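FYI, side chains are in, hydrogens and waters are out, and symmetry mates aren't considered; it's all heavy atoms of this structure. Each residue takes its place number in the sequence, starting with 1. Please read these numbers as outputs of a predicted model, since none were measured by experiment.
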Amino acid sequence: MKYLDEFRDPKIARKLLDEITAAITKPWVIMEVCGGQTHAIIRNGIDQLLPQEIELVHGPGCPVCVTPLEMIDKALDIASRPNVIFTSFGDMLRVPGSKKDLFVVKSEGGDVRMVYSPLDAVKIARKNPDKQVVFFAVGFETTAPLTAMAVWQAHQQNIDNFSMLVSHVLVPPAMEALLGSPDNRVQAFLAAGHVCTVMGWEEYVPIAQKHKVPIVVTGFEPVDILEGILMAVRQLEDGRAEVENQYARVVKREGNRPAIEVIRKVFQVTDRKWRGIGEFPRSGFALRSEFEKYDAEKRFALGDISVEEPPECISGLILQGLKKPYECGEFGRRCTPQTPLGATMVSSEGACAAYFAYHRQKDDSVEKN
């Protein structure tokens, strides 16, 4: 199977591991940004096969994980109201707010529906003119084009009973915020390939130059990740800090121009809070003023909601690459995928969920090279 089997080939993976071992002379800390990459690394044991000089830390690239608790509570508020059809991708339905989740609201009589596309929510609105239909718009640059298109389509078709609860976040500002932290340990990034499929990789160039950090746009299969690590290691060892594209079979420097254009028509950049980490300047999308009638927060006059994360949860430190899941005292005890305490356990893409799923503990006995 072209473009799949060759990126899972054990012989190619072994060759890349040998090249990484030959290239490395000193310890390096590399962050994979995306939760999908984290799961591929843990599922395939890549972190255990790498030379001991390489430490992989896990970034904030899980869209469900970083959706603020306050925003979940706002979704629950709207979904509980009469004459509302609340729609979302399936993975958001089980994410707990401060007291319950959307599945509980549905069991209590709320009209909560899973959709595969925000455009499906527009269709529901068209068929139910006596109801208010709301879509929960979360995710990174990867999902923003479709949510923007949904708003654009509703606007073009004069559908007034449709709105969105928007919680989109942007990857590059978060990477730059992590690099600017006095506690930063990250020396190179594996950038998320699917984000760059939409946005391209030009906006990473000033980050690499300013912070002197290699950034390698990387895919999601084992060979992709190993090749991305090799490219990052070679830059680190050479003293270079450039943006390189391992995922060239999918990602273009300029990205997907039509997708970017529809995003810019509908959204504007705004400050956003990231669950477990805090607020990053200009790290999210909000609806432009000409589309504010589709803003569910304003339509339902939600106002501000203030909630506190469990103090024992260290997900913020994990998302910044400062801790590993097994360093949390509640990991696998009070905090499990069924009873998550914080951001990195609430989603199947989260780092804690990955460590839990693949039984990864601090004392795993696999010998490194």
Side-chain angles (χ1 to χ4, degrees), residues 3 7 31-40 59-67 88-89 91-92 115-122 135-154 164 166-178 189-208 215-221 224-225 228 243-272 274 280 282-288 291 294 347 349:
Y3 294 146
F7 294 99
M31 172 178 278
E32 85 278 357
V33 173
C34 174
Q37 292 172 331
T38 301
H39 274 254
C62 164
V64 175
C65 299
V66 299
T67 300
S88 172
F89 296 133
D91 52 2
M92 290 305 298
V115 294
Y116 293 101
S117 164
L119 299 178
D120 293 337
V122 177
F135 178 73
F136 196 3
V138 304
F140 295 102
E141 295 91 332
T142 46
T143 53
L146 263 182
T147 55
M149 181 57 72
V151 171
W152 184 256
Q153 193 176 88
M164 275 189 179
V166 179
S167 190
H168 279 301
V169 286
L170 308 177
V171 171
M175 291 168 60
E176 183 147 24
L178 294 179
F189 281 109
L190 304 184
H194 51 6
V195 168
C196 298
T197 301
V198 175
M199 304 303 289
W201 52 266
E202 290 175 337
E203 58 187 328
Y204 292 98
V205 173
I207 299 175
I215 300 175
V216 181
V217 180
T218 304
F220 301 88
E221 296 296 334
D224 285 322
I225 293 169
V243 180
E244 294 183 307
N245 184 13
Q246 181 279 330
Y247 208 32
R249 67 185 186 279
V250 177
V251 173
K252 299 176 182 177
R253 179 177 182 131
E254 69 276 15
N256 183 326
R257 291 295 184 192
I260 294 171
E261 183 63 24
V262 72
I263 289 174
R264 289 177 177 166
K265 281 182 178 176
V266 173
F267 292 125
Q268 60 186 0
V269 175
T270 187
D271 300 344
R272 277 283 177 207
W274 294 52
F280 295 148
R282 300 180 59 77
S283 68
F285 284 136
L287 289 165
R288 290 189 176 278
F291 297 104
Y294 299 103
S347 165
E349 282 194 29

Trainee: Between P118 and F89, is any pair of side-chain heavy atoms under 4.5 Å apart?
Mentor: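 Yes - at least one pair of side-chain heavy atoms lies under 4.5 Å apart.
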
Trainee: Looking at side-chain heavy atoms only, is the closest gap between V198 and I263 below 4.5 Å?
Mentor: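 Side chain of V198 against side chain of I263, heavy atoms only: contact under 4.5 Å found.
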
Trainee: If only atom types and distance count, is the side chain of Q246 paired as donor or acceptor with the main-chain N or O of G219 below 3.5 Å?
Mentor: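 Side chain of Q246 to backbone of G219, a donor-acceptor pair under 3.5 Å: yes, one is there.
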
Trainee: Check S167 against T67 and note the closest heavy-atom contact, atom names and distance.
Mentor: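 Between these two residues, the closest heavy atoms are OG-CG2, 3.9 Å.
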
Trainee: Quick check: do P63 and T143 have side-chain heavy atoms less than 4.5 Å from each other?
Mentor: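 No. Closest side-chain heavy atoms not under 4.5 Å.
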
Trainee: Examine distances only and state if a side-chain atom of Q37 and a backbone atom of G61 form a donor-acceptor pair shorter than 3.5 Å.
Mentor: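 Pair absent, no side-chain N/O of Q37 close to backbone of G61.
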
Trainee: Residues two or more places apart in sequence or in another chain: which of them pass salt bridge (Lys or Arg N to Asp or Glu O under 4.0 Å) with E221?
Mentor: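 Once residues adjacent in sequence are excluded, the partners of E221 under the salt bridge (Lys or Arg N to Asp or Glu O under 4.0 Å) criterion are R8.
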
Trainee: Which heavy atom of E202 sits nearest a heavy atom of P206, and at what distance?
Mentor: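 Closest approach of E202 to P206, heavy atoms only: O-CD, 3.5 Å.
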
Trainee: Partners of N256 by side chain to side chain donor-acceptor pair (under 3.5 Å), sequence neighbours excluded?
Mentor: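 Testing N256 for side chain to side chain donor-acceptor pair (under 3.5 Å), a comparison that skips the adjacent residues, returns none.
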
Trainee: How far does CH2 of W274 sit from CG of L170, to the nearest 0.5 angstrom?
Mentor: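 The distance works out to 7.0 Å.
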
Trainee: Using a 4.5 Å cut-off on heavy atoms from C-beta on, say whether the side chain of F220 contacts that of F7.
Mentor: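 In short, these two side chains do not touch, never coming nearer than 4.5 Å.
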
Trainee: For D91, which residues count as a salt bridge (Lys or Arg N to Asp or Glu O under 4.0 Å) partner, sequence neighbours excluded?
Mentor: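 Per chain and number, D91 pairs via salt bridge (Lys or Arg N to Asp or Glu O under 4.0 Å) with no residue.
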
Trainee: side-chain contact (heavy atoms from CB on, under 4.5 Å) for M175 and I215? Distances and angles first, verdict last.
Mentor: CA-CA 10 Å; M175 291 168 60; I215 300 175; 4.0 Å; yes

Trainee: Would you say the side chain of T270 lies within less than 4.5 Å of the side chain of R282, judging by non-hydrogen atoms?
Mentor: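 SC-SC contact between R282 and T270 ruled out.
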
Trainee: Heavy atoms, side chains only, cut-off 4.5 Å: are E203 and V171 in contact?
Mentor: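 Answer no - side chains too far apart.
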
Trainee: To the nearest 0.5 Å, what is the distance between CZ on F135 and OH on Y294?
Mentor: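 Interatomic distance, F135 CZ to Y294 OH, rounded to 0.5 Å: 16.0 Å.
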
Trainee: Please report the interatomic distance CH2(W201) to CD(E254), rounded to the nearest 0.5 Å.
Mentor: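 That separation rounds to 10.0 Å.
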
Trainee: Tell me the salt bridge (charged side-chain N to carboxylate O under 4.0 Å, His left out) pairs involving residues 258-270, sequence neighbours left out?
Mentor: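 The answer is none; no pair qualifies.
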
Trainee: Who passes side chain to side chain donor-acceptor pair (under 3.5 Å) against E141, sequence neighbours left out?
Mentor: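 E141: no side chain to side chain donor-acceptor pair (under 3.5 Å) contacts found.
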
Trainee: On a heavy-atom basis, which atom in V33 and which in A191 lie closest, and how many Å separate them?
Mentor: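 Reported closest heavy-atom pair: CG2-CA, 4.3 Å.
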
Trainee: To the nearest 0.5 angstrom, please state how far the CZ atom of R257 sits from the CE atom of M199.
Mentor: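 Nearest 0.5 Å value for the CZ-CE distance: 9.0 Å.
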
Trainee: Taking all non-hydrogen atoms of both residues, which atom of T218 and which atom of V216 are closest, and how far apart?
Mentor: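 Closest heavy-atom pair between T218 and V216: OG1-O, 2.8 Å.
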
Trainee: Taking the side chain as every heavy atom from C-beta outward, state whether L178 and M31 have any atom pair closer than 4.5 Å.
Mentor: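 They are in contact (side-chain heavy atoms under 4.5 Å apart), so the answer is yes.
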
Trainee: Among V266, V262, V122, find the one that has a side-chain contact (heavy atoms from CB on, under 4.5 Å) with V151.
Mentor: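 Single pass found, and it is V266.
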
Trainee: Compute the centroid of each ring, for F140 and then for F285, and state whether the two points are separated by less than 6.0 Å.
Mentor: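 Not under 6.0 Å, so no.
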
Trainee: Rounded to the nearest 0.5 Å, what separation is found between the CE atom of M149 and the CG atom of L119?
Mentor: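 It comes to 7.5 Å.
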
Trainee: Where do V251 and G193 come nearest, in terms of heavy atoms and distance?
Mentor: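 Scanning both residues completely, I find the closest heavy atoms to be CG2-O, 3.4 Å.
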
Trainee: With distance as the sole criterion, is a donor-acceptor pair present between the side chains of E32 and T38 under 3.5 Å?
Mentor: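 E32 vs T38: donor-acceptor pair found between side chains.
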
Trainee: What pairs with T147 under side chain to side chain donor-acceptor pair (under 3.5 Å), at least two apart in sequence or on another chain?
Mentor: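 H168.
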
Trainee: Working note: F267 + F291, criterion side-chain contact (heavy atoms from CB on, under 4.5 Å); need CA distance, chi angles, decisive distance, verdict.
Mentor: CA-CA 9 Å; F267 292 125; F291 297 104; over 6 Å; no

Trainee: So which atom in G284 and which in R272 form the shortest heavy-atom distance, rounded to 0.1 Å?
Mentor: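 Smallest interatomic distance, heavy atoms only, reads CA-CG, 3.2 Å.
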
